[in-house]
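Take a look at the structure set out below.
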2 protein chains.
Amino acid sequence: MNVSPEPRAKRATIEDVAKLAGVSRQTVSRAVNDKAEIDAETKRRVLEAARTLNYRPSRFARGLIRQDTTTLGLIISDIGNPFFPELASGVLRAAQARDWQVVLYDTGEDPEREVRALTALADQADVGAGFLHSPAVLAHAVRLGVPFAVLDPGWDTGSAPGVGIDVPGGVRLAVEHLAAAGHRRLGMVDGADDPRDKRRVSFLAIAKELGLDVDEDAVERAPRTVEGGADAVRALLARRPGITGVFTYNDVLAVGAVRGLKAAGLRVPQDCAVVGFDGLPLGELVEPPITSVYVDIRRMGELAVAAAAELLAGRTPEPVMMHPELRVRGSA
Amino acid sequence: MNVSPEPRAKRATIEDVAKLAGVSRQTVSRAVNDKAEIDAETKRRVLEAARTLNYRPSRFARGLIRQDTTTLGLIISDIGNPFFPELASGVLRAAQARDWQVVLYDTGEDPEREVRALTALADQADVGAGFLHSPAVLAHAVRLGVPFAVLDPGWDTGSAPGVGIDVPGGVRLAVEHLAAAGHRRLGMVDGADDPRDKRRVSFLAIAKELGLDVDEDAVERAPRTVEGGADAVRALLARRPGITGVFTYNDVLAVGAVRGLKAAGLRVPQDCAVVGFDGLPLGELVEPPITSVYVDIRRMGELAVAAAAELLAGRTPEPVMMHPELRVRGSA
DNA sequence: TTGTATGCGTTATCAT
DNA sequence: ATGATAACGCATACAA
C-alpha cells in the first residue's frame, strides 16, 4: 500500500543557518521570528542565509516548546457523500475560530481503515471527532486513550461524550407525515448494515405503533449511494407491490429512491412519496425536491468541536442532542 | 475571532509514567512502543501507570526523532462547493497511499483568510497544495518558502509546479458544442472575479472565432452558488434577450442556470441550452442532467499529491496538464 | 531485562 | 545587540 519513501533531502536546521550567517542560533531565531532585539543588518544577513538554505523551522521542535497548537482529527467515512462536507464545514468553522488545525481521515466506510485512521489520529492529533462504524471501533479509540467526541452513528454509544441525534424523534416526524398523507403501506431504504440501527428500528416501531402495513420485509438494504437508493427502491417495489410511501436512511438514498421510482414510471409523490433524512442542500436541487428530516449538520460539527474542547480541558461533557425537524418539499 | 484558550491540563510525560511505575523512561518507552526486551510483568505495570496518568506520547517529541511523518496542507476555498470534496477525495486517497497526513484549510474564498491559512500551513505542514486566489497569494506562499503544488486557479500561474487544466481546450469543446447545435447568441455565467479569468477570456475568444453573437456584455458575474447561477441567468436574459445557449463557469452555476431558466418559464435545452464546467456527479442528478466539460478532479487531486511529493524530494516537477472532455447530457 | 547518556531542532532565560 | 545554556518529551545506542 505504501509508496516507498523518497529519501527526503535533509532540511536545513537553525544551526545550519547560524553557521552560514556567522551568528548564533538564537540570533537566527530572533530574525526568523521577527523579534525586536536584533540589528537590522544582522537580520538581513540571517534572513538571506535562511533563504539560500531554504530554511523552515521544524514544527516538531517548535511544538515541543510552544505547547499551544491544537490539532483535531476528524474521521469521516466518505467525503464523496455530501453529508460529510456539510459536517466538515461546521467542524472547520469552529476549529478556525479556536485556531485549531484539522487533519482529515476518510475511511471509505471500511471499519479496518477506520481503526488505522484512529491509530494515526491518536498519534497526530490532540483530540478526535467523527462517526465510528461500530462499538468495537469506539472501544479501540478508548483503548488508545485519545479524547474523542463521538458523533451519533445510529447505534447506541452509551454515555460516550459527543453529539447525538434524536433519531427516533426524527423518524417519527417522517412516518407520521407519511401516515397523515394517507399512506398505509410503507417501505424503507436502509443504508446501515447493522439491523439494530436506530433509523430502521425506529421506523419499524413507529410504523407498528401507527398500525401501518409495515414489517421486516419492508426494509431494503442499500449501499449509501444514489444508485444504491434507486436499485433498492426497485427491489422494494418488486417484493412488496402497492407501497405508496418510502422512508430512506438519508437524503442521498432519497435522491436515489426518487430516481428509481421515476425510472419505474411512477410519479413522486402522487404514486409514491419519499421522505429522506438529513435535509441536505442536495435535496433541494432534484426534481421533486426531497421532503426530509432536517438535522443541522454544520451545527453538529460545531458542537463536536465544542465537545472536543471540553475533553481537552479535562472535563467530560454530557452528550448533546440534536433535535431534527421535518422539512416538507415536493417528494412527500 | 479566537476563543480564549483553556489552560489545558498539563499532559503527563513519559517521565511521570516512569516515576509512577518505578522504572526508567526507556522502560516506559519500550512498554508503550511494544518493544521486545521487556519483562511482561514490568510492561503490565508500566502500561497501567500510563493508563492511570492518561499518558499519550507527544507527537512533537516523537516527530523530532522519527523524521518520517509527512503532512500535506490542502487549501480549498469552500468545502460546501461540491467541487472541493471531489478534489479532496483524490488528495486523501493519494495521501493515504503514501501514509501522509492531510490538514485541511477552508478559506471561504476570502483572499485574506487564504493568506492566513497559508501561513498556518507553512507552520504545520511539510508541503501544501490547492487553489490560490491570486498571484499575490501565490507570491506569499513563495515568500514563506513552503513547497506548494498549485492547482490551476484559472489565472496564469507561470511555471509554478502543480496541476493545470487545459481551460481553453475545454471551453472550446463547450462553445463548439453549442454552435454545432445551432446556437448563435450565447451568454456566459462567470464565477470568477478576475476579468482575465481563463474561462471567460477563452469563451469570448472562441465565440468570436466562431463568429457567434457574443460580446463582453454577454458575460454575467455570479457568486459561485446555485442561487448565484439562477440570478445571473435571469439578469442575462433581461439584458440580452434571445440568448439560446449559456456556458457557465462551473457545474454549480450550471445547475443554478437551469433552475433560473426553468423558473423563467423556459425549457432546457429546447428554449435555452446550458453547458457547465467540471463534470461533477451533482450534474447528473438534476433535471435535465448537465452537459458539462468534464475534468477528472479526483485525478487532479492525486496528481497534486504526486507533485507535492516531487517538491518534497527536492525536485521541481513540470506542471502537469489535465485535458477535459465534453460529456453530453440533457441540458445541451 | 533494565538504566544512562545523548541528541532531535527550537525557544526562553540569563548572561554578556 | 548577541551568545551560552537549559529546557521541551521522546527514542536510540550503549552500558550494566
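We name chains A, B, ... by the order of the sequence lines, and we start the count at 1 in each one.
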(request) Starting from the C-alpha separation in whole Å, work towards a yes-or-no answer on side-chain contact (heavy atoms from CB on, under 4.5 Å) for B:Arg59 and A:Asp126. (result) CA-CA 9 Å; B:Arg59 67 170 180 282; A:Asp126 300 297; 2.8 Å; yes
(request) Report the C-alpha separation of A:Thr71 and A:Gln124 in whole Å, then their side-chain angles, then the decisive distance to 0.1 Å, and conclude whether the side-chain contact (heavy atoms from CB on, under 4.5 Å) test is met. (result) CA-CA 8 Å; A:Thr71 300; A:Gln124 305 292 335; over 6 Å; no
(request) Let me see the working for A:Asp156 and A:Lys198 under salt bridge (Lys or Arg N to Asp or Glu O under 4.0 Å), right down to the final yes or no. (result) CA-CA 8 Å; A:Asp156 188 7; A:Lys198 285 187 207 162; 5.6 Å; no
(request) Kindly determine whether B:Arg44 and B:Glu41 satisfy salt bridge (Lys or Arg N to Asp or Glu O under 4.0 Å), including the steps that lead there. (result) CA-CA 5 Å; B:Arg44 203 197 49 70; B:Glu41 164 58 15; 3.3 Å; yes
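With respect to the salt-bridge test (charged N to carboxylate O, under 4.0 angstrom), the residues A:Glu302 and A:Arg298 do not qualify. Contact check on A:Asp78 versus A:Arg224 returns no salt bridge, with no Lys/Arg side-chain nitrogen under 4.0 Å from an Asp/Glu carboxylate oxygen.
The phosphate of C:dG3 (OP1 or OP2) has a side-chain N or O of B:Ser24 nearer than 4.0 angstrom. Using a 4.0 Å cut-off, some side-chain N or O of A:Thr42 falls inside it from OP1 or OP2 of D:dT2. The shortest distance between the side-chain N/O atoms of A:Ser29 and the OP1/OP2 oxygens of C:dT10 is not below 4.0 Å.
Taking the screw axis at each terminus of the helix from C:dT1-D:dA16 to C:dT16-D:dA1 from five consecutive base pairs, the angle between the two is 40° to within rounding of 10 degrees.
For the pair B:Arg44 CZ and C:dT2 P, the interatomic distance rounds to 13 Å; values are reported in whole Å. Going from atom CG of B:Leu64 over to atom P of C:dT6 covers 18 Å, rounded to whole Å. The interatomic distance linking A:Gln67 (CD) with D:dA7 (P) rounds to 15 Å, in whole Å. Atom pair B:Lys43:NZ and C:dT2:P shows a separation of 12 Å (rounding to whole Å applied). Rounded to a whole Å, the CZ atom of B:Arg66 is 18 Å from the P atom of D:dG9. In this structure, A:Asp68 atom CG and D:dG9 atom P are separated by 13 Å, rounded to whole Å. The distance from atom CD of A:Glu37 to atom C1' of C:dT16 is 14 Å, rounded to the nearest whole Å. What separates CD1 of A:Ile65 from P of C:dT13 is a distance of 11 Å, to the nearest Å.
Side-chain N or O atoms of A:Trp155 include one that pairs as donor or acceptor with a backbone N or O of A:Leu132 at under 3.5 Å. A side-chain donor-acceptor contact under 3.5 Å links A:Arg11 to the backbone of A:Pro57.
Side-chain atoms of A:Thr27 lie closest to D:dG3 of the nucleotides D:dA11, D:dG3, C:dT2. Checked against C:dA12, C:dG3, C:dT10, the side chain of A:Lys35 finds its nearest nucleotide in C:dA12. The side chain of B:Thr13 lies closest to D:dG9 when the candidates are D:dG9, C:dT1, C:dA5.
With hydrogens and angles ignored, a donor-acceptor pair closer than 3.5 Å exists between the side chain of A:Gln26 and the base of D:dT5. Checked by distance alone, A:Arg11 brings no side-chain donor or acceptor within 3.5 Å of a matching partner on the base of C:dG9.
Nucleic acid contact for B:Arg30: base, since at least one base atom lies under 4.0 Å from a heavy atom of the residue. Heavy atoms of B:Val28 sit nowhere under 4.0 angstrom from any nucleic acid atom.
For the pair A:Val102 and A:Ala95, the tightest heavy-atom approach, listed with the atom from each and the gap, is CG2-CB, 3.4 Å.
For the residue pair B:Glu15/B:Thr13, the side-chain donor-acceptor check at 3.5 Å is not satisfied.
Using a 4.0 Å cut-off on heavy atoms, the residues of residues 56-63 of chain A that approach DNA chain C are A:Arg56, A:Pro57, A:Ser58, A:Ala61, A:Arg62, listed by number.
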